[in-house]
Amino acid sequence: MRFFGVSTGTDVSRAQPVIDVHPSAPIPVVGPGVGANLRVPIGETVHSAFPLMLGAAEFGWNVDLESSHDILDRYAEFGGNAIHTADGYSGGRSEHIIGQWLRSRGLRDRMLLSVRIGTHADHPGLGAVNLVRAVEGSLTRLGVEQIDIMYLDATLDQATNLEDTLATVDWLRESGKIATVGAFGLAPEQLVEARILASAGYPRIEVLDEPYNLVRRQQYEGDLRLVAGAQNLALTPSHALEHGFLSGLYRNKQASAGVRGEQLRALVNRRGIKILKALDTVAAELDAPIAAVSVAWLLAQRTVVAPIVNAFAIAHVDELMQAAGISLSRTQLTDLARASD
């Protein structure tokens, strides 16, 4: 299997005129990437996306502007079209970086832009005033007129009345500032409440962002999955690689330092190593990167549409995009699930 190789066409918008090139020089390849026609519907929305969303959590934090643009370029060259960020990522710098890239490449119309709203330090929570100001701030930083999918992030706000929040969302949608509504951090009973409100005319939540992967299964595989399935919510799970642990690069407690090191050290235990060994076996059988196999397991799960994957370098994009071409056998899926039980 090698659905996506590391060699791909360069976007026409980035091609530079060639002057005085020797006749025997290679002809540059231009045109759409190999995955440009690979799209999956985002639940019952009008959107469709490449089955991997490029997450921008590291932009402006561990990845500088130039490197971030290189990563975005590589993703677009493969044919990727879905970018995910949040108003709280690096205090809004992630959105600035994406906005500069969209303008410089002229690709806004080709990209599905999803933003998680509710954690910016200046406008935290989902109250009416903060929500409107937060959306306006994101639109300004991104340099766009509309957010394609806005995820309501309830991480910092479990007190605001959901009906009031959805009433504000209704105004934002009617004014053309957002197109589709998603949710992050809402409990199953809140999603049920939201669907009841939708039947009364409030905006319907159609997309769900929930941390989910081989390491972190219990949080989603319960009532939340039952509700998501019953409501036909499209799941775009974040933390697809659990802070990089499921890439297979971190196998001892001294592998990384800082905040990420603390997160990784907590995973280096008997269960974590068992999962990595199972991934090693499947990756060897498929001759594929471990990170791609981890994402492929997610893509094989019911309700999962497009996992959100973060990248630190171009090489990570080359590996991750291969997940879209991996088809895991029933035996492989069973072995991976058993290792993570």
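In what follows, every heavy atom counts, from backbone to side chain, and hydrogens, waters and symmetry copies are set aside.
Smallest separation of non-hydrogen atoms from G79 and F50: O-CD1, 4.1 Å. Closest non-hydrogen pair, L299 versus P307, comes out as CD2-CD, 3.4 Å. Across G127 and T160, no two heavy atoms sit closer than the pair N-OG1, 3.8 Å. Between I205 and G182, the shortest heavy-atom distance links the atoms CG2-C, 4.1 Å. Heavy atoms only, all atoms of each residue included: P211 and Q219 are closest at CD-NE2, 4.4 Å. For the residue pair L186 and A154, the shortest heavy atom distance occurs at CD2-CB, 3.7 Å.
The pair K177-E136 meets the salt-bridge criterion, since a charged nitrogen lies less than 4.0 angstrom from a carboxylate oxygen. Salt-bridge formation is not detected for the pair R225/E210: no Lys NZ or Arg NE/NH1/NH2 atom is positioned less than 4.0 Å from an Asp or Glu carboxylate oxygen. Taking the charged nitrogens against the carboxylate oxygens, R74 and E77 do have a contact shorter than 4.0 Å, which makes a salt bridge. R108 has a carboxylate O that lies under 4.0 Å from a charged side-chain N of D148, or vice versa, which qualifies the two as a salt bridge.
Looking only at atom types and distance, the side chain of S238 has no donor-acceptor partner in the side chain of Y212 under 3.5 Å away. For W101 and D73, the side-chain atoms include at least one donor-acceptor pair closer than 3.5 Å. For the residue pair Y89/E58, the side-chain donor-acceptor check at 3.5 Å is not satisfied. If you check the side chains of S94 and T85, you find a donor sitting under 3.5 Å from an acceptor. Checked by atom type, the side-chain pair S67/D70 shows no donor-acceptor distance below 3.5 Å. At a cut-off of 3.5 Å, with distance as the only test, a side-chain donor of T303 or Y220 sits close to an acceptor on the other residue. In summary, the side chains of E206 and T45 do not present any donor paired with an acceptor at a separation below 3.5 Å, with no hydrogens or angles considered. With 3.5 Å as the limit, one finds a donor-acceptor pair spanning the side chains of Y202 and E163. Inspection of the T180 and H47 side chains reveals an N or O donor paired with an N or O acceptor under 3.5 Å.
The main-chain N or O of V135 is never found under 3.5 Å from a side-chain atom of S138 such that the two would form a donor-acceptor pair. With hydrogens and angles disregarded, a donor-acceptor distance shorter than 3.5 Å links the side chain of H316 to the backbone of A313. Put simply, the side chain of N213 gets close to the backbone of H239: a donor and an acceptor are under 3.5 Å apart. Formation of a donor-acceptor pair under 3.5 Å by the S329 side chain with backbone atoms of Q332 is found in this model. Using a distance-only test at 3.5 Å, with no hydrogens or angles considered, a donor-acceptor pair links the side chain of Q146 to the main chain of G176.
No single ILVMFWY cluster, assembled from side-chain heavy atoms under 4.5 Å apart, contains both I117 and L112. Tracing side-chain contacts under 4.5 Å through hydrophobic residues (I, L, V, M, F, W, Y), one reaches L298 starting from L286; they form part of the same cluster. In the hydrophobic cluster analysis, where Ile, Leu, Val, Met, Phe, Trp and Tyr join through side-chain heavy atoms closer than 4.5 angstrom, I149 is grouped apart from L152. A single hydrophobic cluster is not seen to contain both M111 and V207; linkage of ILVMFWY side chains at heavy-atom distances under 4.5 Å, directly or through other members, places them apart. Taken together through direct or relayed side-chain contacts under 4.5 Å among Ile, Leu, Val, Met, Phe, Trp and Tyr, M53 and L142 form parts of separate hydrophobic clusters.
Geometric assessment of R116 against the ring of F184 yields a positive cation-pi assignment under the 6.0 Å and 45° thresholds.
Distance check, rounded to the nearest 0.5 Å: OG1 of T236 to CG of L52 gives 11.5 Å. For the atom pair I275 CD1 and L336 CG, the distance stands at 9.0 Å (nearest 0.5 Å). Rounding to the nearest 0.5 Å places CG of L54 at 12.0 Å from CZ of F78. Rounded to the nearest 0.5 angstrom, D170 CG and I178 CD1 are separated by 9.0 Å. For the atom pair CG (L72) and CD1 (I97), the distance works out to 8.5 Å, reported to the nearest 0.5 Å. The OG1 atom of T119 sits 4.5 Å away from the CG atom of D87 when rounded to the nearest 0.5 Å.
Side-chain atoms of R195 and L191, non-hydrogen and from C-beta on, never get closer than 4.5 Å to each other. Annotation: side chain of V169 is in contact with side chain of M150 (closest heavy-atom distance under 4.5 Å). Using a 4.5 Å heavy-atom threshold, the side chains of D157 and N130 count as separate. Annotation: side chain of I308 is not in contact with side chain of P237 (no heavy-atom distance under 4.5 Å). At least one side-chain heavy atom of V215 sits less than 4.5 Å from a side-chain heavy atom of R271. Counting only heavy atoms from C-beta outward, the side chains of D341 and R217 approach each other to under 4.5 Å. The shortest distance between side-chain heavy atoms of L224 and L208 falls below 4.5 Å. By the 4.5 Å heavy-atom criterion applied to side chains, L279 and S294 are counted as neighbours.
Taking the six-membered ring for Trp and the full ring otherwise, the centers of H243 and Y250 sit at least 6.0 Å from each other.
Taking a 6.0 Å sphere around CD of Q218, one finds it holds 12 or fewer heavy atoms contributed by other residues, nucleotides or ligands.
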For this session: Evaluate side-chain contact (heavy atoms from CB on, under 4.5 Å) for D335 paired with T281, printing each intermediate quantity in order.
Result: CA-CA 10 Å; D335 290 343; T281 300; over 6 Å; no

Problem set entry | Criterion side-chain contact (heavy atoms from CB on, under 4.5 Å) on L102 and L113, from CA distance to verdict | CA-CA 10 Å; L102 290 172; L113 193 58; 4.3 Å; yes

For this session: For side-chain contact (heavy atoms from CB on, under 4.5 Å), just list the numbers for W297 and V282, CA-CA rounded to whole Å, side-chain angles, deciding distance to a tenth of an Å, and then say yes or no.
Result: CA-CA 11 Å; W297 179 86; V282 176; over 6 Å; no

Exercise. When you look at Y75 and M321, which way does the side-chain contact (heavy atoms from CB on, under 4.5 Å) test go after all the steps?
Worked result: CA-CA 8 Å; Y75 175 72; M321 295 293 273; 3.7 Å; yes

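Only one option out of I83, I71, L65 pairs with F59 in a side-chain contact (heavy atoms from CB on, under 4.5 Å); it is I71.
Every residue meeting the salt bridge (charged side-chain N to carboxylate O under 4.0 Å, His left out) condition with D280, not counting sequence neighbours, appears here in chain and number order: R251.
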